[in-house]
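For reference, positions follow the sequence shown, starting with 1.
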Amino acid sequence: MFCGLRGIISMLVQKGNDAGKESGENLRRKELLYDLMLILAGNAVLAIGVGVFILPANILSGGVAGIAVALEPFLHISPNVMINFLTVGLFLLGSLFLGKKFALHTVLSTMFYPLFLGVVTYFTQEQSVSESPLLNSIYAGVFVGIGVGLVFRSGASSGGMDIPPLIINKYTGIPLPTLVLITDGLTVCLGILAYDLEAALIGLVSVYVSSMMIDKVITIGGHDAKNVMIISNHYEAITSSIYTNLNRGATIIEATGGYTQTKRPMIMVVLSKKQLPALKRMIAHIDPEAFVVVSETTEVQGEGFSYQEEM
């Protein structure tokens with residue numbers, strides 16, 4: 001009887017393990033499908049930005065195309081040849097430093113982006129939507145930024161000049177949108193040598209808008225919040241008030257004064273922007289002499305900051 005019981009228990013445990021493995025595999029499949037959808041959607045939006053706004057209006061934007069066009073008068077190499085050379089070279093560089101998953105995803109972008117762009121240019125016939133170069137530049141930045149941001153969220157790249165910022169971000173921690181802005185800005189400035197200053201300035205508008213949209217898309221789904229550090233002799237009363245009046249948790253950190261070497265408790269609390277004025281009034285009421293530092297928090301997830309909570 002005991003042998004039979006052990007056999008039943010072993011079978012149930014094995015089934016549980018198998019179910020866990022199947023659940024993990026299903027989760028990985030869903031994540032892979034989600035990443036693929038982001039890559040396809042991002043490249044489609046990127047193609048719209050390039051095919052509808054950049055190419056018809058000759059906007060001097062960043063990227064491999066901008067470098068190829070700017071260098072053509074000096075190197076006398078066809079822009080198409082230069083674009084292909086840079087695209088392949090940067091893809092190999094990205095594969096080396098960013099891994100196999102990145103290489104796979106970037107191959108997909110390399111395949112689908114030209115296809116999407118060909119479809120878009122077929123329908124637009126390179127006819128500009130607006131006669132205003134500034135409007136074309138702004139909307140080009142919006143669409144390109146959304147497209148590149150969606151691709152970045154999957155951990156991949158749309159290829160070309162997206163790759164150097166990803167590599168630098170991996171090894172330095174410098175924010176990705178900042179690196180993209182710097183890279184594209186330098187690309188546009190290079191175009192001054194081949195175009196006039198006005199065209200470059202209009203191109204910089206597109207680059208700036210694109211960088212802002214990349215930042216927004218990458219952090220979508222999180223919550224903007226404030227991180228507040230408080231040093232006070234009345235830390236217990238302040239912490240209790242945070243729990244009671246703001247319904248927020250707090251962390252007590254042991255801090256040491258740099259000059260006095262005195263150890264004092266420091267309160268760290270993360271809260272929504274609309275709760276900050278109430279916290280400041282509360283601290284002023286309990287301890288007007290409290291030392292308070294407020295900093296921006298780009299994204300917060302976890303208890304009290306769920307996706308469903310209205311901030």
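- Under a 3.5 Å cut-off, the side chain of S210 and the backbone N or O of S206 do not form any donor-acceptor pair.
- Y34 and L150 fall within the same hydrophobic cluster, defined by Ile, Leu, Val, Met, Phe, Trp and Tyr side-chain heavy atoms under 4.5 Å apart, directly or through other members.
- Rounding to the nearest 0.5 Å places CG of L134 at 10.5 Å from OH of Y139.
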message: For a side-chain contact (heavy atoms from CB on, under 4.5 Å) check, start with the C-alpha distance between V107 and F91, then their side-chain angles and the critical distance, and finish with the verdict.
response: CA-CA 8 Å; V107 164; F91 169 73; 3.3 Å; yes

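- Under the 4.5 Å side-chain heavy-atom criterion for grouping Ile, Leu, Val, Met, Phe, Trp and Tyr, M212 is not connected to V217 through any hydrophobic cluster.
- Of the residues L279, V270, I242, the one that meets the side chain to side chain contact (heavy atoms under 4.5 Å, CB included) test with R248 is I242.
- Judged by distance alone, the side chain of N227 and the main-chain N or O of M268 form no donor-acceptor pair under 3.5 Å.
- Across every non-hydrogen atom of S130 and L135, the tightest pair is OG-CD1, 3.8 Å.
- Panel note: side chain R264, backbone G257; no donor-acceptor pair is recorded below 3.5 Å.
- Side-chain atoms of N136 come within 3.5 Å of backbone N or O of S132 as a donor-acceptor pair.
- When the shell of 6.0 Å around CZ of F291 is examined, it contains 12 or fewer heavy atoms from other residues, nucleotides or ligands.
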task: For the pair F116 and V45, evaluate side-chain contact (heavy atoms from CB on, under 4.5 Å) and give the outcome as yes or no after the intermediate values.
output: CA-CA 9 Å; F116 291 149; V45 175; over 6 Å; no

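- Atom CG of residue L108 and atom CG of residue L40 lie 7.0 Å apart, to the nearest 0.5 angstrom.
- Note that CG of L46 is 14.5 Å distant from CZ of F112, once rounded to the nearest 0.5 Å.
- Using a 4.5 Å cut-off between side-chain heavy atoms of Ile, Leu, Val, Met, Phe, Trp and Tyr, with links allowed through other members, V119 and I48 fall into different hydrophobic clusters.
- Minimum interatomic distance between V269 and G249 (heavy atoms only, all atoms of both residues): CG2-O, 3.4 Å.
- When side chains are defined from C-beta on, T262 does not count as touching T256, because their heavy atoms never get closer than 4.5 Å.
- Between I230 atom CD1 and I238 atom CD1 the span is 5.5 Å, to the nearest 0.5 Å.
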- request: Test I252 against I267 for side-chain contact (heavy atoms from CB on, under 4.5 Å), laying out the working first.
  value: CA-CA 5 Å; I252 305 298; I267 305 168; 3.8 Å; yes

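- The CG atom of L96 sits 11.5 Å away from the CD1 atom of I163 when rounded to the nearest 0.5 Å.
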Step-by-step side-chain contact (heavy atoms from CB on, under 4.5 Å) determination, V292 to K280: CA-CA 9 Å; V292 181; K280 292 168 69 175; 5.8 Å; no

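- Distance alone, capped at 3.5 Å, places no donor-acceptor pair between the S240 side chain and the E236 backbone.
- Hydrophobic clustering keeps V50 apart from V205 (ILVMFWY residues linked when any side-chain heavy atoms are closer than 4.5 Å, directly or through intermediates).
- Judged by distance alone, the side chain of S154 and the main-chain N or O of V151 form a donor-acceptor pair under 3.5 Å.
- Within a 6.0 Å radius of CD in Q261, other residues, nucleotides and ligands contribute more than 12 heavy atoms.
- Using cut-offs of 30° and 60° for the angle between ring planes, the F97 and Y171 rings count as perpendicular.
- When the side chains of ILVMFWY residues are joined at heavy-atom separations under 4.5 Å, either directly or via intervening members, I253 and V293 end up in a single hydrophobic cluster.
- For S137 (side chain) and I202 (main-chain N/O), a donor-acceptor pair under 3.5 Å exists by modelled atom type.
- Looking only at distances, no side-chain donor or acceptor of K226 sits under 3.5 Å from a matching main-chain atom of L276.
- The two residues G49 and F143 make their nearest non-hydrogen contact at CA-CB, 3.5 Å.
- Note: T183 OG1 to L179 CG = 6.0 Å, rounded to the nearest 0.5 Å.
- Smallest separation of non-hydrogen atoms from I146 and M213: CG1-CE, 3.6 Å.
- Annotation: side chain of I54 is in contact with side chain of V144 (closest heavy-atom distance under 4.5 Å).
- When all heavy atoms of T239 and A250 are compared, the pair lying nearest together is CG2-CB, 4.3 Å.
- Taking each heavy atom of A278 and L246 in turn, the nearest pair found is CB-CD2, 4.0 Å.
- Summarising the local packing, CZ of F74 is surrounded by more than 12 heavy atoms from other residues, nucleotides or ligands at distances under 6.0 Å.
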